[in-house]
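Reading through the structure tokens given below for one structure.
Note that this is a predicted model, so its numbers are computed, not measured. Both backbone and side-chain heavy atoms feed into the values below; hydrogens, waters and symmetry mates do not. Order of the sequence lines sets the chain letters (A, B, ...), proteins ahead of strands, with each chain counted from 1.
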Amino acid sequence: MTTGRLARWRLVLGALVSHWMRRPLQLAMLLAGLMLATALWSGVQAVNAEARASYATAADRLGTGALPRLEPAGGQALTTADFVALRRAGWQVSPVVEGRLRNGTARVSLLGIEPVTRLGLTPAANDGGDASAGPGPQADLGAFITPPGQGYATAATARALDGADLRGLAIVIDADAPPNTLIVDVGIAQGLLGMGENLTALVAATAQPPGAPPLDRIAPHLTLSDPQAGSAADPAALTDSFHLNLTAFALLSFIVGLFITQSAVGLAFEQRGGVLRTLRALGVPRAEVLALMAAELAVAALVAGAAGIVLGWAMAAALMPGVAATLSGLYGADVAGSLQLRPGWVLSGLGMALAGTALAGARGLIQTARMPLLAAGMAAPWAQATARGLRLQVIAAGVLVLALPLCLAVGGLVGGFAALACGLLAAALVLPAVLDAVLRLAATRARGVLTGWFVADTRQQLGGLSLALMALMLALAANIGVGTMVGSFRSTFTGWLDQRLSAELYVTARTEDEGRAIRDWLATRADAILPIWNAEASLAGQPGRIYGVADDPTYRDNWPLLAAAPGLWDSLAEGRAVLVNEQLSRRAGLDIGDRIDLPGGALPIAGVYSDYGNPSPQVMMGLDDFGHRFPDAPRLYQAVRVAPDRAGALAAGLADRFDLPASAIVDQSQAKRVSLQIFERTFAVTAALNVLTLAVAGIALLTGLLTLASIRLPQLAPVWAAGIPRRRLARLDLLRTLLLAVATGAFAVPVGLGLAWMLLAVVNVEAFGWRLPMDVSVPLLARLGAASVLTALAAGALPALRLARITPGQLLRVFADER
Amino acid sequence: MNDASPALAEIAHARGIHKTYHTPGGEVPVLRGVDLSVRRGESVAITGESGSGKSTLLHLIGGLDAPDDGALSVLGTDLRAADDTARATLRRNGIGMIFQQFNLIPSLDVRANLGFQARLAGRFDAARAETLARDLGLSALLGRYPEQLSGGQQQRVAIGRALAGNPPLVLADEPTGNLDEATGDAVAQLMLALVRQRGSALVLVTHSARLADLCDRRVHLRAGRLA
């Protein structure tokens with residue numbers, strides 16, 4: 001490469017860049033669009049990366065990540081006897097018990113392991129170095145496995161368990177323990193969870209010794225799961241839907257951000273059409289012009305991408321505690337609430353910035369490549385919507401609409417999101433054609449010269465604003481869709497809480513003796529005492545929980561049933577049937593009349609109940625039947641019915657008499673408040689992304705208006721010269737922006753409601769296992785309508801102000817020869 | 001390209017040039033067998049009615065477009081065989097272009113515009129540029145941007161840009177077409193004087209008989225043929 005060529009490139013690049021130096025606002029918009037798009041994308045990726053890293057750390061620490069698991073099929077029991085049989089047959093397996101411990105409102109994962117057999121599962125462990133597979137390297141094995149045993153946990157987890165009845169277990173602080181998890185010996189875990197001899201799973205060595213008999217001969221009811229596929233208990237698998245959800249929003253925000261970039265880049269290409277022709281006329285080869293323009297865009301992408309990553313980092317740091325709360329509350333997955341810099345999402349952010357810029361700049365580069373040297377201008381100016389362009393967009397939208405049912409037919413969460421993407425993109429593509437049709441209709445009805453000009457001029461601006469209006473429509477539709485979903489969820493959840501939490505007090509004893517004493521004490525003071533015993537169990541192949549409940553009108557009158565067989569409560573009380581939650585019903589395809597395998601024998605299903613906010617399968621059975629099946633389950637928890645006005649005094653009396661901590665007695669209102677707090681926290685992340693997307697759309701509109709303002713003087717000058725004052729022109733410009741925003745908002749309503757339906761009927765069912773009735777909120781629509789108008793006002797004010805203050809000289813130059 | 005040869009008397013040579021534009025309305029033949037020769041230091045005016053093919057001929061000589069038929073050689077480069085890069089190289093190193101619309105780079109100031117093509121060709125000389133600016137009466141305007149200049153001032157910058165690299169051939173497409181008569185005359189006189197002073201050849205397209213008369217030679221195009 002010659003020095004002359006380098007100097008020439010520097011000169012041409014300087015000429016290209018000088019365009020931005022003379023238009024700093026346009027440059028700022030380009031960089032802002034890219035930066036915001038990258039920030040929203042990389043922020044969410046940072047959150048996802050952190051969460052996944054937490055899962056991986058936990059999996060590594062617990063040794064569960066890479067090992068296959070043996071789990072019972074069809075809800076059958078896996079017991080210590082199965083483990084013993086497999087070991088005797090030569091299988092390299094180790095037992096695992098998984099469950100949750102409750103201490104007031106805190107929930108901690110309990111993991112029971114068997115350290116001796118676990119050490120033999122991996123080759124590295126055979127060297128004696130697999131400290132990560134169990135308690136820490138300094139562990140006292142005897143103390144760990146001998147009752148009351150030792151548990152390993154971080155200091156934060158130990159604090160969360162402060163005051164809990166752990167049957168004398170000593171907690172050893174281990175800074176390397178997984179977050180919010182207590183690791184104990186498997187026998188200790190069975191006792192704490194009331195599981196008797198039941199196990200959750202067996203982890204197996206990847207390679208079993210040669211000659212070991214096949215699994216179906218020793219334990220035919222067990223199935224070997226692929227560690228790569230993720231098990232039902234694997235938090236990474238459980239939370240995939242949540243992370244996919246966040247990624248989908250991030251991608252939507254990224255696309256909205258790209259509209260700003262596309263707007264700024266498109267205009268820059270058009271504004272520089274003359275310069276590009278001049279450069280080529282002066283002897284710069286086409287290939288060099290293209291390469292230098294691409295380089296210019298790449299530099300912009302890297303600068304804005306880097307800034308976006310910093311902004312994304314700040315955003316992710318702010319969102320991370322909320323996400324951690326969501327993942328813990330909704331999925332039971334434990335994630336650290338702080339953020340670390342990970343190269344993965346940094347590179348992904350820069351990659352997206354570069355790819356997005358390439359996408360936004362592709363049209364301009366192609367037009368430049370095809371631009372004839374002697375043409376008067378570009379074939380299809382950026383600011384003018386061509387009828388051909390509109391037709392193509394409508395055809396593309398039609399194709400996407402046809403693809404929508406195909407995506408739904410594919411099914412699954414990915415199919416659901418693909419269908420959402422098709423629907424949203426189709427709506428965005430068709431929007432300019434719809435607005436154009438409305439304006440054409442308005443033109444036929446327009447009375448008066450100025451109105452006629454206003455409508456015609458608005459139509460002319462449509463091309464330049466269409467990208468920004470599409471971005472606004474997408475942002476509004478996302479807000480309506482997600483807002484409706486959250487609103488539907490909130491109203492259903494509130495009603496459900498009223499039904500579910502119908503008892504006035506919920507009391508947790510520290511020991512079984514104390515539990516008995518509490519029930520005796522309450523016998524003469526409460527209207528009813530409803531023991532709620534529970535035990536962990538494998539339900540349809542997934543770890544779940546079985547509850548034993550008393551036969552009482554509290555349940556008969558209030559329980560939130562979705563489907564019920566006749567005589568449901570009688571058959572439950574008599575131990576002839578069980579209830580299952582909606583998640584279990586949907587995931588396992590179980591319905592009324594089907595039988596479900598349970599420890600101690602299968603029972604038919606007599607009802608299905610809604611169980612929002614719980615990711616796991618659940619079964620309810622009569623209290624007596626439960627007692628027979630789970631004699632070792634701890635009897636600690638009970639609901640208490642009492643007249644509401646006496647509940648406070650009774651709670652105070654209980655606390656005094658038994659010296660119970662505040663967390664042991666939860667009254668109904670407190671439980672509802674905590675539940676709603678968890679609910680609000682759960683959707684705080686989505687709400688934040690929604691607001692950010694709307695803000696980005698506002699900036700896209702501002703960019704579109706500012707860039708249009710810079711090239712439409714020749715259209716305004718004749719009107720001004722004909723006697724319309726600049727202030728009036730400015731007011732008309734603002735009015736145009738408002739009308740277009742309102743029309744876009746009106747278009748976004750059905751699109752948003754369609755999005756809400758898809759989220760409720762398809763995505764939520766796939767993601768959480770439950771379906772909610774759709775509740776359309778008029779106040780929400782009114783709020784978003786106001787947001788749309790405010791966004792338009794904010795975006796339209798500056799260009800209108802500039803127009804109002806434009807000097808007559810600037811307008812006159814339009815008519816001057818020398819322009 | 002062989003523009004460095006001082007022995008090359010004939011700078012541009014066109015023989016039997018044909019050019020037809022293909023439009024949605026059908027084929028429009030613009031040049032139908034044009035012969036033209038331009039010698040070093042010579043100034044040639046091309047005149048003719050609108051649509052006679054004047055600008056097309058100028059664009060072909062400048063390598064901005066390619067002829068359909070005929071032979072065209074400029075500064076030793078066979079323009080029928082040259083690709084985009086070869087034509088760009090010819091324009092950059094051998095030709096100074098002056099347009100009716102000035103075609104300055106709006107985001108660069110007068111100083112940068114003046115030296116732009118000379119820098120592109122690697123022949124920028126600060127002292128020469130300063131002299132040129134003074135000769136063109138632009139010394140006081142070097143920090144201004146094109147939008148801050150009158151039409152006559154902009155055209156003087158365009159002339160300066162074309163001449164700053166001392167190219168052997170200057171092409172001017174209706175250089176005074178956008179200016180009033182008095183300004184146009186002044187600019188034309190200045191352009192011719194500077195071109196002659198540097199020994200460059202000049203081919204200009206004009207409607208102005210007065211401007212054409214100032215040139216060494218005048219050719220008239222009628223319906224795509226030299227009259």
Whatever's closer than 4.5 Å to a heavy atom in chain A on B:Phe116 counts as both
Report the C-alpha separation of B:Glu147 and A:Arg22 in whole Å, then their side-chain angles, then the decisive distance to 0.1 Å, and conclude whether the salt bridge (charged side-chain N to carboxylate O under 4.0 Å, His left out) test is met. CA-CA 12 Å; B:Glu147 64 180 16; A:Arg22 295 278 290 160; 3.1 Å; yes
Quick one: of B:Gln155, B:Met97, B:Arg87, B:His59, who has the most non-hydrogen atom pairs under 4.5 Å with chain A? B:His59
Counting only heavy atoms not in B:Glu130, do more than 12 sit closer than 6.0 Å to its CD atom? no
I'd like to know if the side chain of B:Arg119 reaches the main chain of A:Leu11, judged simply by a donor and an acceptor atom lying under 3.5 Å from each other, with no hydrogens or angles considered. no
Got a second to check how far B:Arg92's CZ is from A:Leu282's CG, nearest 0.5 Å? 10.5 Å
B:Arg161 versus chain A, the contacting section by heavy-atom distance below 4.5 Å: side chain
Work out which heavy atom in B:Leu108 is nearest to a heavy atom in A:Gly14; give both atom names and the distance. CD2-O, 4.5 Å
Measure A:Val275 against the heavy atoms of chain B and call it side chain, backbone, both or neither at under 4.5 Å. side chain
Say you draw a straight line from CZ of A:Arg8 to CG of B:Leu120; how long is it, rounded to the nearest 0.5 Å? 7.5 Å
What's the shortest heavy-atom distance between A:Ser18 and B:Ser107, and which atoms? OG-OG, 2.6 Å
Nearest 0.5 Å, what's the CZ-CD1 distance between A:Arg272 and B:Ile105? 11.0 Å
May I ask you to decide if A:Arg286's main-chain N or O and B:Asp84's side chain share a donor-acceptor pair within less than 3.5 Å? yes
